Colleague: 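Below you'll find the structure I mean.
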Amino acid sequence: MKKLTLGFLIILFALLPMNHEQSYGANNTREKDTLRILTSFYPIYITTLNITKNVPGVAVTNLTPPLTGCLHDYSLTTKDIKKFVGADIFVANGAGMESFLDRIIKQYPAVKVVQLSKGIPLIKGDGAEGDNPHVWVSIFNAIIQVKNLGNALQEIDPAHKNLYQKNTAEYVLQLETLRRKMHAALKPYQGKKIVTFHEAFPYFAQEFKLEIAAVVEREPGSQPNARELAKTIELIKRSKIKALFVEPQYPALSAQTIARETGAKVYILDPVVTGPEQPDAYLRIMEKNLATLEKALKN
Ligand SMILES: [Zn+2]
């Protein structure tokens, strides 16, 4: 009898995670009272974790693996697409970050799509690719995104309206506090010229009145040709730019060359597209960015 019970338990435990996967993957087996929220990528996932904190019956899943980074040219895998089948809500950045969005809206009309960049004035991208989608890198815009999500969830899930309201207010307060701290600390550096290696920072620079003098590798991984490189080096020397900002997610091969040629130093500035899957990740990463900027810009 004892043996039988143990055997049964082992089988039960072996089945548990599988059942969980299935309940998410297919409509017919999923629990009716669970609100399934799918987020498009890391910063949107972190925002959603904050707004759904302690809300009963809500499951948040991130569509793309946490190491994906930005979704420029991201192709959905079969595994990604399956996640839409069981989802009630898809939370996207919008502003062109999710190039697959139109296709998903057509293919899964039952999934409610919430685009968090609604109402944020967009900066034109360099070249022909449309608007720059990296709005969350500005704390001011991140707060708008948080409020957009809070409002949307209150509407979609009115039973938990008070909780969404409370979570939104709490997170906005944390972000506002950090924002004030950053503005006070960076005020002396307004108008400073910086060089970045990917188009992630225009909104951040706009908020803190920094001037992006050059973006060296606009597309992550694309390398400047010899003429572009020489032009950038000349610009950095002429403008006496002391700091180059690379991102932890995208190794910039040209950064070391430019640093060697100009004497400028290379620092890491994080656009919050990868990181720990913790609700306070955005706040922590921005705190680190602030420390980096203070160190880099005081020279
Ligand atoms: Zn990006």
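For ligands, and for the atoms within them, numbers begin at 1 and follow the listed sequence. Fair warning: this is a prediction, and the values are worked out from it, not measured in the lab. Sequence positions, counted from 1, serve as the residue numbers for this chain.
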Colleague: Side chains of His198 and Gln249 only: does a donor on one sit below 3.5 Å from an acceptor on the other?
Modeller: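 Per modelled atom types, His198 and Gln249 side chains form no pair under 3.5 Å.
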Colleague: For the ring pair Phe41 and Tyr45, is the centre-to-centre distance below 6.0 Å?
Modeller: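 No, the ring centres sit 6.0 Å or more apart.
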Colleague: Mind checking whether Phe197 and Tyr250 have ring centres under 6.0 Å apart?
Modeller: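 Centroid distance Phe197-Tyr250: not below 6.0 Å, so no.
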Colleague: Do Asn225 and Lys231 have side-chain heavy atoms sitting under 4.5 Å apart?
Modeller: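 No, their side chains stay 4.5 Å or more apart.
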Colleague: Just to confirm my numbers, could you give the angle made at the Zn ion (ligand 1) by SG of Cys70 and NE2 of His134, rounded to 10°?
Modeller: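 Centred on the Zn ion (ligand 1), the SG/NE2 angle is 120° (to 10°).
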Colleague: Give the atom name of whichever N/O/S atom in His198 sits closest to the Zn ion (ligand 1).
Modeller: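 When I compare the N, O and S atoms of His198, NE2 is nearest to the Zn ion (ligand 1).
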Colleague: Quick one: report the N, O or S atom of His72 that is nearest to the Zn ion (ligand 1).
Modeller: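 That would be atom NE2.
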